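Working notes, structure below.
Please read these numbers as outputs of a predicted model, since none were measured by experiment. We use all heavy atoms of the structure for the numbers below, so side chains are in, but hydrogens, waters and symmetry mates are not. Lettering of chains follows the sequences in order, A, B, ..., and the numbering in each one begins at 1.
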2 protein chains.
Amino acid sequence: MISLVIVEDINEIRNGLSEFFKFQEDILLLSAHNSIKDFFDNFNQDIEPDIFIMDIGLPGISGIAGIKMIKEKYPNSDFLVLSIYESEDKVFDALCAGATGYLIKNTPLEKIKDAVVELKNGGAPMSPKIARKVIHHFSPKKQSNLNEILTPKEKEIVNYLVEGFSYKQISEQLNNSIETIRHHIKNIYKKLHVNSKTEVITKSLKGEI
Amino acid sequence: MISLVIVEDINEIRNGLSEFFKFQEDILLLSAHNSIKDFFDNFNQDIEPDIFIMDIGLPGISGIAGIKMIKEKYPNSDFLVLSIYESEDKVFDALCAGATGYLIKNTPLEKIKDAVVELKNGGAPMSPKIARKVIHHFSPKKQSNLNEILTPKEKEIVNYLVEGFSYKQISEQLNNSIETIRHHIKNIYKKLHVNSKTEVITKSLKGEI
DNA sequence: TCTACAATCACATGAATATGGGATATAGGC
DNA sequence: GCCTATATCCCATATTCATGTGATTGTAGA
């Protein structure tokens, strides 16, 4: 029996979900709310809900902030986002807030039910387009031509910079003069169009090199 | 009609997949191979396959390296990994190599077929456990206690450092003396047990702050 | 032979960073 | 009142970084 809370501001959708889920025999619908505030004001039950179906675009406190707030009170609850938003920004905001599922709002009720069950069973249900955006986060970057213009030596030095080595330390590692290191670093800055170690490091850690 | 290539070293599985897919009427099975080398030696068709079903643990060239190599020749092909490996390392290696789907090897044939279709339609099919590991990559980190020991001012200064601001520039932004900025940075280093700007920046970009 | 690139090294200079010492003010707790 | 924490500011010094200038050697290709 999966205990479920719904937070959705559009009446038709919230009522449609409520009517549907209160007749599912493996689901216990605890309550439905039109805002995060309404949830905190009116949810008085002494159990930690298994799953929240959560909209993002809520009045007052957003669904993103709401996930964070609710998760502080109920750290074991899972959040299935049901949203019109398909943009990578929103998707990642929700995931970074702690959501473990994300469906687009036109998903049929039966499939939402399937997602709730999958979520409870340890999966991470996502609409196909959403899954694709999530995967895209890991795909090889196109701008790795930056990496192609650096010589092997220059790449090695970038790696040492990222690890926090000073010029002197790098020179000791590579058995070169510190002047050589400076020379290489100058070339790296020129090729990458940057002017500081920090810029090289952030580019590297962001996967742009 | 989805054009499909299978690369799988275990005979029973490869033959099972082949027998199954050659009778699917919306799938055109182009060929099946037991290694990446076999694919490159024996795939002579003049079309770019839509989808590869790819094992990771192949003899000789691994499936991961194979994805990269094949993707250079066929940049538009999609890769559905079918693997016994469930570890985050392997999953992310595959995704970073360019895979856009990942199923565990005990997935029933019908569901593999569904995944192929979903992949062709722009989704990113994943076994539930795999999706969960992928999502987990985005979840809030537990070690943010480092972030809790910094004062709001110190966090603000960390953000400026990450953005590449010099002490002088930060002092101008905050309307403080540069001495104030140095003082705060000294405290930040002490709290984070580091000795350089680089260490602060890498900790921040790695999500440890 | 010439050019381009990569790698090595040097010198000089100014700016930026890191660290040690110090001071004052405010707020809260004991 | 004392202590701690936070924030502001100062001084001094040494180290590191960034940039400009210059040089040499080796390799590859036209």
Side-chain angles (χ1 to χ4, degrees), chain A residues 72 141-209, chain B residues 72 141-209:
Chain A
E72 281 182 17
K141 304 297 184 288
K142 289 293 170 57
Q143 64 273 44
S144 287
N145 59 348
L146 275 188
N147 202 33
E148 280 161 25
I149 62 175
L150 295 180
T151 66
K153 192 79 177 190
E154 287 164 352
K155 286 176 198 163
E156 194 176 13
I157 287 174
V158 167
N159 289 335
Y160 279 119
L161 290 179
V162 170
E163 282 172 48
F165 283 64
S166 65
Y167 292 4
K168 185 170 190 290
Q169 288 166 337
I170 298 173
S171 72
E172 287 161 357
Q173 288 292 318
L174 299 178
N175 280 303
N176 288 139
S177 145
I178 193 171
E179 295 301 334
T180 303
I181 307 306
R182 282 207 191 97
H183 174 90
H184 285 305
I185 286 173
K186 234 183 319 189
N187 281 334
I188 291 168
Y189 288 179
K190 189 171 172 186
K191 288 179 179 180
L192 300 183
H193 304 297
V194 298
N195 301 94
S196 71
K197 212 161 71 165
T198 297
E199 286 176 273
V200 173
I201 289 164
T202 55
K203 272 188 191 294
S204 179
L205 287 176
K206 284 177 178 174
E208 294 175 34
I209 309 177
Chain B
E72 282 182 20
K141 306 297 185 284
K142 291 290 172 60
Q143 65 271 47
S144 287
N145 60 347
L146 276 189
N147 202 33
E148 280 161 26
I149 62 175
L150 295 180
T151 66
K153 193 76 179 193
E154 286 163 352
K155 286 177 199 164
E156 194 175 14
I157 288 175
V158 167
N159 289 335
Y160 279 120
L161 291 180
V162 170
E163 281 172 50
F165 283 64
S166 67
Y167 293 3
K168 184 171 193 288
Q169 288 166 338
I170 298 173
S171 72
E172 287 162 357
Q173 287 293 318
L174 299 178
N175 281 303
N176 289 140
S177 146
I178 194 169
E179 294 300 334
T180 303
I181 306 306
R182 284 205 192 100
H183 173 89
H184 284 305
I185 286 173
K186 239 186 309 190
N187 281 332
I188 290 168
Y189 289 179
K190 189 170 169 186
K191 288 180 178 180
L192 300 183
H193 305 298
V194 300
N195 301 93
S196 71
K197 210 161 75 164
T198 297
E199 286 175 275
V200 173
I201 289 166
T202 56
K203 273 189 190 295
S204 178
L205 287 177
K206 284 175 175 173
E208 294 174 35
I209 308 178

- Message: What is the distance, to the nearest angstrom, from the CD1 atom on B:Ile188 to the P atom on C:dT19?
- Response: 13 Å
- Item | Nucleotide of D:dC17, C:dT8, C:dA18 approaching A:Asn176 most closely (side-chain heavy atoms) | C:dT8
- For the residue pair B:Lys191 and B:Glu154, what are the closest heavy atoms and their distance? NZ-OE1, 2.8 Å
- Can you tell me if the side-chain N/O atoms of B:Tyr189 get under 4.0 Å from OP1 or OP2 in C:dA18? yes
- Looking only at heavy atoms, the pair that brings A:Lys197 and A:Tyr189 closest together is N-OH, 2.9 Å
- Looking for any heavy atom pair under 4.0 Å, which part of the strands does B:Ser177 touch: base, sugar-phosphate only, or nothing? sugar-phosphate
- Query: If only side-chain N and O atoms of A:His184 are considered, is one of them under 4.0 Å from the OP1 or OP2 phosphate oxygen of C:dT8?
  - Reply: yes
- Grab the CG-C1' distance between B:Leu192 and C:dA18 for me, whole Å please. 15 Å
- Taking atom P of C:dA18 as reference, at what distance in whole Å does atom CD1 of B:Ile181 sit? 13 Å
- Task: For the side chain of A:Thr151, starting at C-beta, report the closest nucleotide among D:dC9, C:dA7, C:dC9.
- Result: C:dA7
- First encountered from the 5' end of DNA chain C, between A:Ile178 and A:Glu154: A:Glu154
- Message: Taking the minimum atom-to-atom distance to the side chain of A:Ser166, which one of D:dT8, D:dT16, D:dT19 wins?
- Response: D:dT16
- Item | Distance below 4.0 Å between A:Ser196 side-chain N/O and C:dA16 OP1 or OP2 | no
- Task: Among C:dA7, C:dA6, C:dA18, find the nucleotide with the atom closest to the side chain of A:Lys153.
- Result: C:dA7
- Query: DNA chain C: B:Val194 or A:Asn175, which has the more 5' nearest nucleotide?
  - Reply: A:Asn175
- Closest non-hydrogen atom pair between A:Tyr167 and A:Leu161, with its separation: CE1-CD2, 4.5 Å
- Item | Per A:His183 side chain, nearest of listed nucleotides C:dG22, D:dA18, C:dC9 | C:dC9
- Item | Nearest-nucleotide pick for A:Glu179, side chain only, options being D:dT21, C:dC11, C:dA6 | C:dC11
- OP1 or OP2 of D:dT19 under 4.0 Å from side-chain N/O of A:Asn195: yes
- Query: Starting at CD1 of B:Ile149 and ending at P of D:dA5, how long is that distance when rounded to a whole Å?
  - Reply: 12 Å
- Message: Does any part of the side chain of A:Asn187, heavy atoms only, come nearer than 4.5 Å to the side chain of A:Thr151, both counted from C-beta?
- Response: no
- Message: What is the separation between atom CZ on B:Arg182 and atom P on D:dT13, rounded to the nearest whole Å?
- Response: 14 Å
- Kindly calculate the angle separating the two end axes of the helix from C:dT1-D:dA30 to C:dC30-D:dG1, each obtained from five base pairs, and round it to 10 degrees. 30°
- Is any NZ, NE, NH1 or NH2 atom of the basic residue among B:Glu199 and B:Lys203 found under 4.0 Å from an Asp or Glu carboxylate oxygen of the other? no
- Query: Are the side chains of A:Leu174 and A:Lys153 in touch, meaning some heavy atoms are under 4.5 Å apart?
  - Reply: yes
- Does a distance-only test, which skips hydrogens and angles, find a donor-acceptor pair under 3.5 Å between the side chain of B:Lys197 and the base of D:dT15? no
- Measure from the side-chain N and O atoms of A:Ser171 to the backbone N and O of A:Lys168, and report whether any donor-acceptor pair falls under 3.5 Å. yes
- Whole angstrom is fine here: how far is it from NZ in B:Lys168 over to C1' in D:dA18? 16 Å
- Message: Please give me the minimum heavy-atom distance between A:Leu205 and B:Lys206, naming the atom from each residue.
- Response: CD2-CE, 4.2 Å
- Picking from C:dA16, D:dA7, C:dA7, the nucleotide nearest the side-chain atoms of B:Pro152 would be D:dA7
- A:Glu163: what forms a salt bridge (charged side-chain N to carboxylate O under 4.0 Å, His left out) with it, not counting sequence neighbours? none
- Message: Please pick, from C:dA18, C:dC9, D:dT19, the nucleotide with the shortest atom-to-atom distance to any side-chain atom of A:Lys186.
- Response: D:dT19
- Distance check: side-chain N/O of A:Thr180 vs OP1/OP2 of C:dC9, anything under 4.0 Å? yes
- Grab the CD1-P distance between B:Ile157 and C:dT17 for me, whole Å please. 13 Å
- Query: Roughly, in whole Å, what's the span from CD in B:Glu172 to P in D:dC9?
  - Reply: 13 Å
